[in-house]
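Comments concern the structure below.
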Amino acid sequence: MLSLIIPTYRNPEYLDICLKSAIDNQINKNEIIVAVDGFIDESQHILEKYKYDIQVLDLGINQGMQAALNLAVMNANNECIVIINDDNVLCKDWDAEIKKQYQENFVFTINQIEPIGPGIFNFHVKDLGKHPKEFKYEEFLEYEPTIRNGKLTQDGGIFPFVISKKNYMIVGGFDTIYQSPFICDWDFFLKLDLMGINFYRINHLHFYHFGSAATKNGKEGEKFKATEHPAAQTFMYKWGMAPQLFENNSHRPKGNFIKGINF
């Protein structure tokens, strides 16, 4: 058993296909926690549709992805935590494949298929639809197993990812000082990196990702884009360096002493 964590914000169409894929394609009945970050009325019909298979945490008002994730993980009943976006589509047997790879001492990213690219994270590119209404669901389920290769690479440290609840709690989860869904994940992974946690990406399975459907490319895209620069400034003030990726997607510069921290 594992706990699947899905933060969601005003994204019912994507959440619908996300939940359908999570429930239909699991081998075991896992704990699925949907943390609704405000405006629950917009997603109520979707939550009702899957009510027997999910747990819903209603934050009441919009508090940010960080608060939603922290609350969901605190309420999770399993040690193996899987954190995804609400615009992910999960593949066949996703839970069984994750359990095979899970180890407490490392965090691993689940590789993704995206409709456009390649981007800086080198996800697999194949356009199966940019919106749920046009998404080729059955084609995705047939195609995804053909690109599984069992490789384990050192370029993890990005969403979606699998982590032990213990390690999540040890670093205090996501820092809510960031008033943005961006950069806060860089902060989170840097804390884990400084603890000596290893990061990997697994190619044993792939989730489809529509690509920032609830944030940069969503209905409030301009609002979210405007938060990215202030978040980067917060990161710089906190850590003494700009948020950037180093070798193997590491978030810390090796061998540097910055603002009292030996990186």
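Quick caveat: nothing in here was measured; it's all calculated off a predicted structure.
Closest of all the heavy-atom pairs between G157 and H251 is O-CE1, 3.2 Å. Contact between A96 and I27 at its shortest, heavy atoms only, is CB-CG1, 3.9 Å. The shortest heavy-atom contact between M241 and P253 is SD-CD, 3.3 Å. The minimum heavy-atom distance between P7 and D86, with the atom names listed, is O-CB, 3.6 Å. The two residues P243 and I183 come nearest to each other via the heavy atoms CG-CD1, 4.1 Å. Closest approach of L2 and D95 over heavy atoms only: CD2-O, 4.0 Å.
Contact check for Y137 versus V89: side-chain heavy atoms found under the 4.5 Å cut-off. In this structure the side chain of C80 reaches within 4.5 angstrom of the side chain of V162, judged on heavy atoms. Side-chain contact between F210 and N85 is absent, with no heavy atoms from C-beta onward closer than 4.5 Å. Within the 4.5 Å cutoff, no side-chain heavy atoms of N105 are placed close to those of I197. L19 places a side-chain heavy atom less than 4.5 Å from the side chain of I54. Residues E79 and Y102 are in side-chain contact: their nearest non-hydrogen atoms beyond the backbone lie under 4.5 Å apart. Here the side chains of C91 and R148 are in contact, with some heavy-atom distance below 4.5 Å. Residues L4 and W94 have side chains in contact (heavy-atom distance under 4.5 Å, counting atoms from C-beta outward).
Under a hydrophobic clustering in which Ile, Leu, Val, Met, Phe, Trp and Tyr are joined whenever their side-chain heavy atoms come within less than 4.5 Å, directly or via other members, F161 and F108 fall into different clusters. Side-chain heavy atoms closer than 4.5 Å link hydrophobic residues (I, L, V, M, F, W, Y) into clusters, and following such links, even through other members, never connects I163 to I98. Linking Ile, Leu, Val, Met, Phe, Trp and Tyr residues whenever their side-chain heavy atoms come within less than 4.5 Å leaves F207 and I147 in two separate clusters. In the hydrophobic cluster analysis, where Ile, Leu, Val, Met, Phe, Trp and Tyr join through side-chain heavy atoms closer than 4.5 angstrom, V73 is grouped together with M65. Under the 4.5 Å side-chain heavy-atom criterion for ILVMFWY residues, a single connected hydrophobic cluster contains both I32 and L47.
Judged by distance alone, the side chain of Q66 and the main-chain N or O of Y178 form a donor-acceptor pair under 3.5 Å. One N or O on the side chain of N88 and one on the backbone of Y208 form a donor-acceptor pair closer than 3.5 Å. Without hydrogens or angle criteria, D127 side chain to G129 main chain gives a donor-acceptor distance under 3.5 Å. Side chain of S21 to backbone of I17: a donor-acceptor contact under 3.5 angstrom is found. At least one donor-acceptor pair under 3.5 Å links the side chain of T109 to the backbone N or O of I158. With hydrogens and angles disregarded, a donor-acceptor distance shorter than 3.5 Å links the side chain of K165 to the backbone of M74. Panel note: side chain N30, backbone M1; no donor-acceptor pair is recorded below 3.5 Å. Side-chain N or O atoms of K126 include none that pairs as donor or acceptor with a backbone N or O of I116 at under 3.5 Å. Checking side-chain atoms of S43 against main-chain N and O of I46 turns up no donor-acceptor pair under 3.5 Å. Formation of a donor-acceptor pair under 3.5 Å by the R201 side chain with backbone atoms of N111 is not found in this model.
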> Hey, mind stepping through F159 and D185 against side-chain contact (heavy atoms from CB on, under 4.5 Å) and telling me if it holds?
Replying inline: CA-CA 8 Å; F159 277 69; D185 54 337; 3.6 Å; yes
> Can T8 and Y14 be said to form a side-chain contact (heavy atoms from CB on, under 4.5 Å), step by step?
Replying inline: CA-CA 9 Å; T8 188; Y14 293 89; over 6 Å; no
> So T234 and K238, side chain to side chain donor-acceptor pair (under 3.5 Å) or not? Walk me through it.
Replying inline: CA-CA 6 Å; T234 298; K238 178 177 178 179; over 6 Å; no
>> Between I258 and W239, is the side-chain contact (heavy atoms from CB on, under 4.5 Å) condition met? List the steps.
In response: CA-CA 8 Å; I258 302 171; W239 295 103; over 6 Å; no
>> Run N167 and S164 through side chain to side chain donor-acceptor pair (under 3.5 Å) and show every step you take.
In response: CA-CA 5 Å; N167 285 332; S164 73; 3.1 Å; yes
> After noting the C-alpha distance and the side-chain angles of L128 and F135, does the key distance pass the side-chain contact (heavy atoms from CB on, under 4.5 Å) rule?
Replying inline: CA-CA 6 Å; L128 296 171; F135 183 60; 3.8 Å; yes
>> Quick one, H206 with F123, criterion ring-ring contact (aromatic ring centres under 6.0 Å, His included). Give me CA distance, side-chain angles, the key distance, then yes/no.
In response: CA-CA 9 Å; H206 303 74; F123 290 131; 9.6 Å; no
> Taking it one step at a time, do H204 and E97 satisfy side chain to side chain donor-acceptor pair (under 3.5 Å)?
Replying inline: CA-CA 7 Å; H204 302 70; E97 290 298 324; over 6 Å; no
> For T153 and D155, what are the C-alpha separation, side-chain angles and deciding distance, and is it a side chain to side chain donor-acceptor pair (under 3.5 Å)?
Replying inline: CA-CA 6 Å; T153 56; D155 54 348; 2.5 Å; yes
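Expressed to the nearest 0.5 Å, how far CG of D16 lies from CD of E13 amounts to 8.5 Å. Of the inter-residue distances, the one linking I110 atom CD1 with I83 atom CD1 reads 10.5 Å to the nearest 0.5 angstrom. If you take NZ on K151 and CG on N203, they are separated by 7.5 Å, rounding to the nearest 0.5 Å. We find the CG-NZ distance between D87 and K130 to be 14.0 Å, quoted to the nearest 0.5 Å. Here the CG atom belonging to L69 is positioned 12.0 Å from the OG1 atom belonging to T176, to the nearest 0.5 angstrom. Here the SG atom belonging to C18 is positioned 4.0 Å from the CD1 atom belonging to I6, to the nearest 0.5 angstrom.
For R10 and D37, the salt-bridge test fails: no basic side-chain N is under 4.0 Å from an acidic carboxylate O. Classification of K166 and E104 as a salt-bridged pair holds, one side-chain N sitting under 4.0 Å from a carboxylate O. Under a 4.0 Å N-O distance rule, the pair E144/K92 does not qualify as a salt bridge.
No more than 12 heavy atoms of other residues, nucleotides or ligands lie within 6.0 Å of NE2 in H229, so this atom counts as exposed by the packing criterion. Other residues, nucleotides and ligands place more than 12 heavy atoms under 6.0 Å from the CD atom of E134.
Remark: of the listed residues I5, V34, I33, I33 is the sole one forming a side-chain contact (heavy atoms from CB on, under 4.5 Å) with L57. Shown are I23, N28, D24; of these, the side-chain contact (heavy atoms from CB on, under 4.5 Å) with Q26 is made only by I23. F174 pairs with exactly one of F189, F182, F188 by the ring-ring contact (aromatic ring centres under 6.0 Å, His included) rule, that one being F188.
Note on residues 31-68: pairs passing ring pair (Phe, Tyr, Trp, His ring centres under 6.0 Å), not counting sequence neighbours, are Y9-F39.
Aromatic pair H124/Y143: ring centres closer than 6.0 Å. In this structure, F263 has its ring center no closer than 6.0 Å to that of F257.
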